[in-house]
2 protein chains.
Amino acid sequence: METATVLPDEARYNIAAVERDTGLSKDTLRVWERRYGFPTPVRDQHDERLYSTDQLEKLRLLRLLIDYGHRPGKIINQSNVELAQLIASRAPEQTAPPEIAALLELLFKHDADGLRNALLQALMKQGLLRFVTETVATLNHWIGEAWLAGKIAIFDEHLYSEQIQNILRNAIIAQPGRGSAPRVLLTSLPGEKHRIGLLMVEAVLVAEGGACVALGTETPVIDIKNAAPAYNVDVVALSFSSAFTQNAALAGLGELRALLPDSIEVWGGGGALARARKAPAGTLLLRSFDDMRYALERWRVEHAQR
Amino acid sequence: METATVLPDEARYNIAAVERDTGLSKDTLRVWERRYGFPTPVRDQHDERLYSTDQLEKLRLLRLLIDYGHRPGKIINQSNVELAQLIASRAPEQTAPPEIAALLELLFKHDADGLRNALLQALMKQGLLRFVTETVATLNHWIGEAWLAGKIAIFDEHLYSEQIQNILRNAIIAQPGRGSAPRVLLTSLPGEKHRIGLLMVEAVLVAEGGACVALGTETPVIDIKNAAPAYNVDVVALSFSSAFTQNAALAGLGELRALLPDSIEVWGGGGALARARKAPAGTLLLRSFDDMRYALERWRVEHAQR
DNA sequence: AAGCCAATTCTGTCCAGGACATAATGGAAA
DNA sequence: TTTCCATTATGTCCTGGACAGAATTGGCTT
């Protein structure tokens, strides 16, 4: 009879490794164990937690479902299989438009070079403005869907994000004329890490002849306050993806509005604000790229040389 | 008599913000307070720590000196001024080379367009390889120094980071021939957010004729394990800036090595590993860009078609 | 029904203070 | 000098308690 040997890949992870790999903080891992009874890692000789591969996998599924809106307490005691079904079951089974489907197919096949070439080709054919407002916006949506349906992995999304960044930044640099007005400072608040949304806005801005001072993601409010006069901008624009709650986004806009002089406008846009009704006093909500183009036009009329 | 009004910009940071901004863990911050009596933040109405700008600044200086080899207990009770002197005394007042100083000057003046143009010009003149290994590497170093000396603000660093990304990604896309071998998967582990280092590596890789699958920053180890076969790569390369401790970087490398098949090589590089003595078994440490070029060459010799 | 507000539950993050493994240091031995 | 070992310094982990803010529920009004 065979010995029931321990599987060679029965790897054990300490709490720091699990935090690193799942993005769940040590505090969260410990409080889940206390409250819900999962995960219950074994302990080493010094009573420190050692998590199994299986637990790590379940934690990743949980993280995914929680990001999508499930509550931890409701799902934490289901099995890995049930959780995977839950993820699979939410696909709305629509189909993407054919141009988009072709791009998605390249990502499914892990064809990095093919994807880059196809995106470049779409950019050339459509021009920057249409590429951003049609192709990239739609593609983002369907990639989100594919991810939820379990059709693509996290690393595929990472690859897509990198490639889109390469292409958008390339297009931004290559934009022929440098715009002059208005000068727009573009960034996001701490907690908002979505870079592609910012780059899309930057692309539309330069395509429309504005001048963009891009600070990337997660600039603390105080630093924005100091940067705006230093770079002599006319407008500060913030992007909030749906990772932000609507209230947090509105509060951030209002806080910034209070800190900046009246001569500088404050604009906000992105998924978190798409359904917001009322902007904080003195700020402007942009619910679409068309809104932004209109806002640029309005600014120019109001500040026309007399 | 005037009221001693509270300064308007007397910002307060909670412990999570300080962890994010200094890289010191919450546990470390609390244990320093307990042992050394610094920092002693004020408390809010619910007894939670609120750190001042001044304390944040001192923590940054301490972090820097510790990275440089000082011990916390020896320096923690010195004043900001003394610590700054300690830092200054470390570098014997070198000055940046003139080409670099000219670029820094543009950043000091907040001249975003001028900086972009100057960087593009340097890239054209030097070619991608020299631009990365000489100009960008040196510039990064001096920007760090300028930040320590208080000559530039956080938002200036943000702007620089965005512009360098634009330019490097533009150059990577524009690279004429697409390389073929080895195929290298390039990313960093969760916690490591430094994007510029990764882009520099990617630029050198494509300039040297390798094929790069870039996944951006912060890919969990398990996802790297799954991505490597999916993208059919020969090598997985990880970048660790000095935000990582050397031990954490070595542990991450080792963990990845254990998960990947032997046919895939594991390389690691970046500030955290610059002074490491011994690589985990089966991994390769790259302490410079020349090391990487040499490693590419060696791989090609070993895998030459017979 | 549908919309809105208040009460309640859920959930992540913070706290204190104790413990220990490991890295760094310094001194003794080779 | 170098090597080795004992000691000290330091970061990370532990338990269990508390609370704020988000999410949900239930009741009331339109």
Side-chain angles (χ1 to χ4, degrees), chain A residues 12-20 22-38 40-51 59 62-63 65-77 190-191 242-252 272 275 277, chain B residues 12-20 22-51 59 62-63 65-77 191 243-251 272 275-278:
Chain A
R12 299 285 174 178
Y13 305 86
N14 66 20
I15 198 169
V18 175
E19 175 181 48
R20 197 185 59 206
T22 64
L24 299 165
S25 78
K26 293 167 189 145
D27 274 324
T28 300
L29 289 166
R30 287 193 277 250
V31 88
W32 281 8
E33 183 178 345
R34 207 194 311 167
R35 286 201 188 123
Y36 310 123
F38 179 87
T40 45
V42 299
R43 302 300 183 108
D44 68 8
Q45 81 280 2
H46 200 63
D47 234 31
E48 305 202 337
R49 294 170 172 81
L50 289 178
Y51 296 83
L59 288 169
L62 288 170
R63 176 75 206 270
L65 286 163
I66 289 166
D67 282 350
Y68 179 61
H70 286 265
R71 310 294 308 268
K74 295 270 174 68
I75 55 175
I76 201 164
N77 284 314
S242 34
F244 251 67
T245 49
Q246 180 174 301
N247 282 343
L250 291 173
R275 270 173 282 169
R277 298 185 181 173
Chain B
R12 299 285 171 179
Y13 304 85
N14 66 18
I15 197 169
V18 175
E19 176 180 47
R20 196 188 55 212
T22 65
L24 298 165
S25 78
K26 294 168 190 151
D27 274 324
T28 300
L29 289 166
R30 287 192 277 250
V31 89
W32 279 10
E33 184 177 344
R34 206 193 313 166
R35 285 202 188 123
Y36 309 123
F38 179 88
T40 46
V42 299
R43 302 302 181 107
D44 67 9
Q45 82 280 4
H46 199 61
D47 232 30
E48 305 202 338
R49 293 170 173 81
L50 289 178
Y51 296 83
L59 287 169
L62 287 170
R63 174 76 207 270
L65 286 162
I66 289 165
D67 283 350
Y68 183 63
H70 287 264
R71 310 296 305 272
K74 295 272 174 64
I75 56 175
I76 202 165
N77 285 313
F244 252 67
T245 57
Q246 180 173 303
N247 280 341
L250 291 172
R275 268 176 278 171
R277 297 185 183 171
K278 199 158 152 288

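Here is the naming used below: chain letters follow the sequence lines, and residue numbers restart at 1 for every chain.
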Measure from [atom1] on [X] to [atom2] on [N] and round the result to the nearest Å.
{"X": "A:Arg71", "N": "C:dT9", "atom1": "CZ", "atom2": "P", "result": "13 Å"}
{"X": "B:Asp47", "N": "D:dC19", "atom1": "CG", "atom2": "C1'", "result": "12 Å"}
{"X": "B:Glu19", "N": "C:dT13", "atom1": "CD", "atom2": "P", "result": "10 Å"}
{"X": "A:Tyr36", "N": "C:dG12", "atom1": "OH", "atom2": "C1'", "result": "9 Å"}
{"X": "A:Ile75", "N": "D:dT24", "atom1": "CD1", "atom2": "P", "result": "12 Å"}
{"X": "B:Glu33", "N": "D:dT12", "atom1": "CD", "atom2": "P", "result": "17 Å"}
{"X": "B:Arg30", "N": "C:dA19", "atom1": "CZ", "atom2": "C1'", "result": "16 Å"}
{"X": "B:Arg34", "N": "D:dA9", "atom1": "CZ", "atom2": "C1'", "result": "14 Å"}

### Message
The test is side chain to side chain contact (heavy atoms under 4.5 Å, CB included); show your working for B:Arg49 and B:Arg43 and say whether it passes.
### Response
CA-CA 5 Å; B:Arg49 293 170 173 81; B:Arg43 302 302 181 107; 3.5 Å; yes
Using a cut-off of less than 4.0 Å, is there contact between a side-chain N or O of [X] and OP1 or OP2 of [N]?
{"X": "A:His46", "N": "D:dC14", "result": "no"}
{"X": "B:Thr28", "N": "D:dT10", "result": "no"}
{"X": "A:Ser25", "N": "C:dT13", "result": "yes"}

### Task
On DNA chain C, check which nucleotide each of B:Lys74 and B:Lys26 is closest to and give me the residue with the more 5' one.
B:Lys26
### Summary
Sorted by position of nearest nucleotide on DNA chain C, 5' first, the leading residue of B:Glu48 and A:Pro72 is A:Pro72
### Task
Please round to the nearest 0.5 Å and tell me the distance separating atom CD of B:Glu19 and atom CD1 of B:Ile15.
7.5 Å
### Summary
Separation between NZ (B:Lys26) and CG (A:Asp27), nearest 0.5 Å, reads 6.5 Å
### Query
Which one of B:Val42, B:Thr40, B:Val18, B:Asn14 satisfies the side-chain contact (heavy atoms from CB on, under 4.5 Å) criterion with B:Tyr51?
B:Val18
### A:Arg49, nearest nucleotide to its side chain (from C:dC14, D:dT12, D:dT15)
D:dT15
### Proximal nucleotide (of C:dA16, D:dA18, D:dG11) relative to the A:Arg35 side chain
D:dA18
#### Entry: Pairwise 5' ranking along DNA chain D for A:Ala16 and A:Val31, keeping only the more 5' one
A:Ala16
### Message
With heavy-atom distances below 4.5 Å as the criterion, would you say the side chains of A:Thr22 and A:Arg63 are in contact?
### Response
no
